[in-house]
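Have a look at the structure below before the remarks.
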There are 2 protein chains.
Amino acid sequence: MATGRTHRPATRSRGIPEATVARLPLYLRALTALSERSVPTVSSEELAAAAGVNSAKLRKDFSYLGSYGTRGVGYDVEYLVYQISRELGLTQDWPVVIVGIGNLGAALANYGGFASRGFRVAALIDADPAMAGKPVAGIPVQHTDDLEKIIEDNGVSIGVIATPAGAAQQVCDRLVAAGVTSILNFAPTVLNVPDGVDVRKVDLSIELQILAFHEQRKAGEEAAATEGTGAVPAVRDESGDKGPDGDVPAVMPA
Amino acid sequence: MATGRTHRPATRSRGIPEATVARLPLYLRALTALSERSVPTVSSEELAAAAGVNSAKLRKDFSYLGSYGTRGVGYDVEYLVYQISRELGLTQDWPVVIVGIGNLGAALANYGGFASRGFRVAALIDADPAMAGKPVAGIPVQHTDDLEKIIEDNGVSIGVIATPAGAAQQVCDRLVAAGVTSILNFAPTVLNVPDGVDVRKVDLSIELQILAFHEQRKAGEEAAATEGTGAVPAVRDESGDKGPDGDVPAVMPA
DNA sequence: CCATCTTTGTGCACGCGTTCACAAAGACAT
DNA sequence: ATGTCTTTGTGAACGCGTGCACAAAGATGG
């Protein structure tokens, strides 16, 4: 996964397990699609298939929200959409600021997923004076100097960081000091925040590296299966023997 | 987190737990920074702090790779950088294709994190004929018609999908048919893939919704603590009572 | 009203991941 | 060589998440 929670160990927020919370948006998306097709009810089996999860898991997830299903029938789509939306806090409007309007920041500003579903891009902020005033996705970019004022004026509690890694912690500190308590971090850095502030990170290169690991493993297995006895992998040596790699080859920088 | 694994239940890939694999890139990043500062060794405590994890967890993670530390001293930075790089498969070159060169796709193509660390953008692919030939990040965009040929010619096994949701599954099918076995999906859809293919997803709106959930909870707790007795939350009603919401309010579309 | 059939909601068991706490290992000084 | 001190590596306990499997609930038909 492209993200991981920071801090806040495993506090069952008001009884709903973290793992369940992470799946609710998935269910909501599937339900919204059904709602648009005017489907009145769904069974846990159908909905689970649409969301790509196990049906027992889905039922257990919903059981944390309450008993919203009807046995022998299934779940009322519209009602469930509302309940999940309410649970996730999407019935209210969340103003969001995006800091760092480079390629990625601009892409985020243009991303439709922000506008819908209760999120509103309240402001775009960048440190480059040349960017100031220039409209991106129809919203004029403002300078970092005004960050605190923007946060307070708009009542922003969610911030998105899309700056270079070097600037991320500093931006984060200012956001938090100004009152932001939830941060979505796209910069490849570990952010330090005080208790009570939630950070979620999206890190492209981490995701790629995880894929590469599995890819390498697949290649190794395949080679082992294709060639020879199939018992001992021929490509990769097992861990534990420090033998073949005495000195350190060139490994790429940051 | 912005992602979640699909398929492949919990197979301890060659003995290394999935959770550990997901943290290796984090350690690698911290170690690379130390390496650039020419720091020769680190203790588990220091490195754990830099990576934002528990030191016991870090030591256990490293123990899956082998005994690379020296008691009383710590870990040799350069050596560990190499070992982790090798374990993640970053000592080889991974050609990657990006499909869907919109705002996000272009941002990804320009993202420095791809170029470094063993990943190379082999091709950019888009369905829009008007895009064909136009260079993005110095690489000419190619048309979707040539997808299969591009995959095969470049020996690509990792694909990145940055198309609209509607096109994602179709693109995914073609990538898989052409030989791609690892996919990083930025489109807000659940992808169906055959066994043996890894999918990781990065979903901005899911991340935001999870943040909104916690944000709402924090707001509720705060209101309860600030006002009145402090025992009963005043803002949000507890689950289970279907009372106040008889009919369904307007919930935003997709 | 009763029987049957579908689908939910959940008790239970299992496994992964995390954390504690400590013994073993080695560096370093004397 | 011996003792002390630091830091690793891991055994063990615990908690969360998952999935099975089934009883309870309600719809539906006769």
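Throughout, protein chains are lettered first and strands after them, A, B, ... in sequence-line order, and every chain is numbered starting at 1.
- Across the protein-nucleic acid pair, Tyr64(A) atom OH and dC16(D) atom P stand 10 Å apart, rounded to whole Å.
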Trace of the side-chain hydrogen bond (donor to acceptor under 3.5 Å, both in side chains) decision for Ser205(A) with Asp203(A)
CA-CA 6 Å; Ser205(A) 78; Asp203(A) 195 313; 3.3 Å; yes
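- With rounding to whole Å, Ile16(B) atom CD1 is found 12 Å from dG17(C) atom P.
- Distance, Asp76(B) CG to dA27(C) P: 13 Å, rounded to whole Å.
- The side chain of Arg59(B) lies closest to dA21(C) when the candidates are dC20(D), dA21(C), dT18(C).
- Heavy atoms only, all atoms of each residue included: Lys218(A) and Gly196(B) are closest at NZ-O, 3.0 Å.
- Proximity of Asn54(A) to the phosphate of dG17(D): no side-chain N or O atom is located under 4.0 Å from OP1 or OP2.
- The distance from atom OH of Tyr27(B) to atom P of dT8(D) is 13 Å, rounded to the nearest whole Å.
- Rounded to an integer number of Å, the gap from Lys57(B) NZ to dT7(D) C1' is 20 Å.
- Proximity of the aromatic rings of Phe62(B) and Tyr75(B) is defined here by a centroid distance below 6.0 angstrom, and this criterion is met.
- We find the CG-OG1 distance between Asp76(B) and Thr70(B) to be 7.5 Å, quoted to the nearest 0.5 Å.
- Side-chain nitrogen and oxygen atoms of Ser44(A) include none within less than 4.0 Å of the OP1 or OP2 phosphate oxygen of dT7(C).
- Here Tyr75(B) reaches the OP1 or OP2 of dG9(D): one of its side-chain N or O atoms lies under 4.0 Å away.
- Remark: C1' of dT8(D) and CD of Glu46(B) are 14 Å apart, rounded to the nearest angstrom.
- In plain terms, the two heavy atoms of Ala22(B) and Ile210(A) that are nearest each other are CA-CD1, 3.7 Å.
- A side-chain donor from one of Arg59(B) and Ser44(B) sits under 3.5 Å from a side-chain acceptor of the other.
- Between dG17(C), dG17(D), dA21(D), one nucleotide has an atom nearer to the side chain of Pro17(A) than all others, and that is dG17(D).
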Expected string for nucleotides 25-30 of chain D under the B/S/- scheme (protein heavy atoms, under 4.0 Å, primed atoms plus P, OP1, OP2 as sugar-phosphate) is B-S---
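- Atom C1' of nucleotide dT8(D) and atom CG of Asp61(B) are separated by 14 Å, given to the nearest angstrom.
- For dG19(D), its base sits under 3.5 Å from the side chain of Lys60(A) at one donor and acceptor pair at least.
- Across the protein-nucleic acid pair, Arg23(A) atom CZ and dG17(D) atom P stand 8 Å apart, rounded to whole Å.
- Gln169(A) and Thr189(A) share no donor-acceptor pair across their side chains, judged by distance under 3.5 Å alone.
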